[in-house]
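Quick note: numbers below take in every heavy atom, side chains included, and nothing from hydrogens, waters or symmetry partners. Order of listing sets the numbers, starting from 1, for every ligand and every atom in it.
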Amino acid sequence: MNQPSRRDLLRAGAVTSAAVLCPSPASASAAPTDCPPPLGPVRVVPDDPRYADLVRRGNRRFVGTPDEVRVVGSTEQVVSAVQDAVRTGRRVAVRGGGHGFEGFVDDPAVRMVIDLSGLTAVYHDPRRYGFAVEAGATLGEAYRRLFLGWGVTIPGGSCPGVGVGGHVAGGGYGRLSRLHGLAADHLSAIEVVVVDRGGTARAVVATREPTDPHRDLWWAHTGAGGGTFGVVTRYWFRSLPTPPARVVDFTVTWPWAGMDEAGFCRLAGNFGRWCARNSAPDSRGRHLYGELLLFRPQAGGHTLAGQVPHGSRHLLDELVVALGDGVGVTPTVSAQTLPWLAATLHGDDDGKGWRLKVKSAFHRTPLTDRQLRVAYRHLTRADDSLLTGSLSLNTYGGAINAVPPTATAASHRDTSMLLFYLAGWADPAADTAAMAWIREFYRDMYADTGGVPPHGAYINYPDVDLRTDTRAWPALYHGPNYPRLQQVKARWDPRDVFHHDLSVRPPGR
Ligand SMILES: Cc1cc2nc3c(=O)[nH]c(=O)nc-3n(C[C@H](O)[C@H](O)[C@H](O)COP(=O)(O)OP(=O)(O)OC[C@H]3O[C@@H](n4cnc5c(N)ncnc54)[C@H](O)[C@@H]3O)c2cc1C
């Protein structure tokens, strides 16, 4: 779409001047003098009352023990923090929204955490690369500002509390992705703080322009995952889509009561068949996004949750009929039409009160009969130590599948479902049982292919077991793009300053 000029927007009253004029500038001198100064830098050490909040922002399985957390509010502050870490030989990690599933930021070896909580501006940047979203913003903040200011959105994840920082670098999919692609498919440029071979930190802008000598750095941030090349301070997006004005938000529940193994297998099998029929870029069903959450019996039932534009409600009705075929249990359907933004921002179930372990798998075809029986067996296992254990089958494909696998770093472009395995519990005493449950479940699902999914896994649902279990983990996460990602790593992070258990390794390692 043609983006309106800043003057048009101000004249139309569509944005406040602050939304346009007061980002956290890369250079303070670029900001008008009436802009408030950026937050930070704030240096938080262990005896500071803020420390406890800053070292446990996500998954309760992990609590960091850094010497300091540096809360930053500008690119210059990030450069300075990274430089300090390199100069003093301390391992550094960056936190965006704190929604990562593994302990990459909270690793005991990390001595400095750069927390981007002060870097949250969202604004239109017509002279540069489109809409700018600073990397400390949450998805919810980005959705609200982009929609109210300009009527557009990023087709990213469905949890408003997720941080833009890690999410976009890992690809980022959500309710509108089958219509408009991944969040990273709309990325036009990034600003990232990198460290050169001599140990000097600096901010670099990399764009998708074919003539940009830094283009490889932009490309690596379109799906390879965060924490691996540098600290992204700002993302720019172009050609952002307009979301539907109203959507039908739905929950369909099939009770466990009365559902036997055959009924369970029909339900999950029917969903996979529907996804396979509706995963092409031009498929009719691409307007619908749904997650079939298969729960353990303690939860009471299985739930299809999702969204469809108001004008495409018939797709939901057809899907409910297709899923129920042969299941033998009548579902309850709850569907309400909501304005898009209200539907998008409601229900921030961020899982932060839980100890979590997740695994993922891309699937091209429906689950096999053997896999359906394995899923039934593990979900009905009599382990009562788990508070929550589920397998979610998520619709994938559509517009995501229209992009060639090497055009961005997100290589999984021939997929119909993304599977999300989740164990969530509260009591540390249940760690061993919970971890064993999800590991055995996953191993048995992919027993025919060495215990790992044949068509890959999603780096934004990272699982360090894949690194332990198999030397093939880079191919699972990055497909054919891994050797090129290693070249980018060698060029932009030659000292391997930014690393974690599943970061891209330098060539030869
Ligand atoms: C409740 C919940 C719901 C989710 N829903 C979805 C969904 O619908 N769709 C989806 O695709 N994913 C979803 N995710 C996964 C999410 O996209 C990833 O966990 C993502 O990496 C989180 O980013 P963050 O900045 O919040 O996390 P963080 O924990 O802050 O960071 C995660 C990783 O990215 C790195 N990182 C963060 N910021 C930067 C930066 N600025 N520069 C470089 N590296 C950085 C960190 O160092 C770390 O390695 C969900 C996660 C949760 C917990």
J.: Quick check, are the ring centers of Phe229 and Phe498 under 6.0 angstrom apart?
T.: no
J.: Give every donor-acceptor pair under 3.5 Å between a side-chain atom in residues 163-170 and any protein atom, sequence neighbours left out.
T.:
| from | atom 1 | to | atom 2 | distance (Å) |
| --- | --- | --- | --- | --- |
| His167 | NE2 | Gly157 | N | 3.0 |

J.: Is there any N or O on Gly98 that sits under 3.5 Å from an N or O of ligand 1?
T.: yes
J.: Once side-chain contact (heavy atoms from CB on, under 4.5 Å) is applied, do any residues pair with Arg87, and if so which ones, sequence neighbours excluded?
T.: Asp84
J.: Hydrogens and angles aside, do Trp219 and Asn481 bring a side-chain donor and acceptor to less than 3.5 Å of each other?
T.: no
J.: Determine whether a donor-acceptor pair (N or O, by modelled atom type, separation under 3.5 Å) exists between the side chain of Arg215 and the backbone of Arg208.
T.: yes
J.: So which bit of Asn59 gets within less than 4.0 Å of ligand 1, heavy atoms only: side chain, backbone, both or neither?
T.: neither
J.: Of the options Phe420, Tyr173, Tyr477, which is the one that meets Tyr458 in a ring-ring contact (aromatic ring centres under 6.0 Å, His included)?
T.: Tyr173
J.: Under a 4.0 Å heavy-atom limit, does Thr228 contact ligand 1 with its side chain, its backbone, both, or neither?
T.: neither
J.: Compare Trp354, Phe104, Phe229, Tyr461 and give the one whose heavy atom is closest to atom 13 (C) of ligand 1.
T.: Tyr461
J.: Any atoms of ligand 1 less than 4.0 Å from a non-hydrogen atom of Gly172? List them with their elements.
T.: 11 (O)
J.: Under a 4.0 angstrom heavy-atom cut-off, which atoms of ligand 1 come close to Val105?
T.: 46 (C), 47 (O), 48 (C)
J.: Applying a strict 4.0 Å limit to heavy atoms, is Ser158 in contact with ligand 1?
T.: yes
J.: Report, in ascending order of atom number, the atoms of ligand 1 lying under 4.0 Å from any heavy atom of Val231.
T.: 42 (N)
J.: What atoms of ligand 1 come within less than 4.0 Å of a heavy atom belonging to Gly163?
T.: 23 (O), 24 (P), 25 (O), 26 (O)
J.: Cys159 heavy atoms, cut-off 4.0 Å: which ligand 1 atoms fall inside?
T.: 1 (C), 3 (C)
J.: Specify side chain, backbone, both or neither for Ala135, according to which of its non-hydrogen atoms lie closer than 4.0 Å to ligand 1.
T.: side chain
J.: Of Gly166, Ser503, Gly171, Gly230, which has the heavy atom at the shortest distance from atom 43 (C) of ligand 1?
T.: Gly230
J.: Is the distance between the ring centroids of His412 and Phe362 less than 6.0 Å?
T.: yes
J.: Below 4.0 angstrom, N of the basic side chain to O of the carboxylate: do Arg495 and Asp196 qualify?
T.: no
J.: Does any N or O atom in Tyr458 lie less than 3.5 angstrom from one in ligand 1, N or O only?
T.: yes
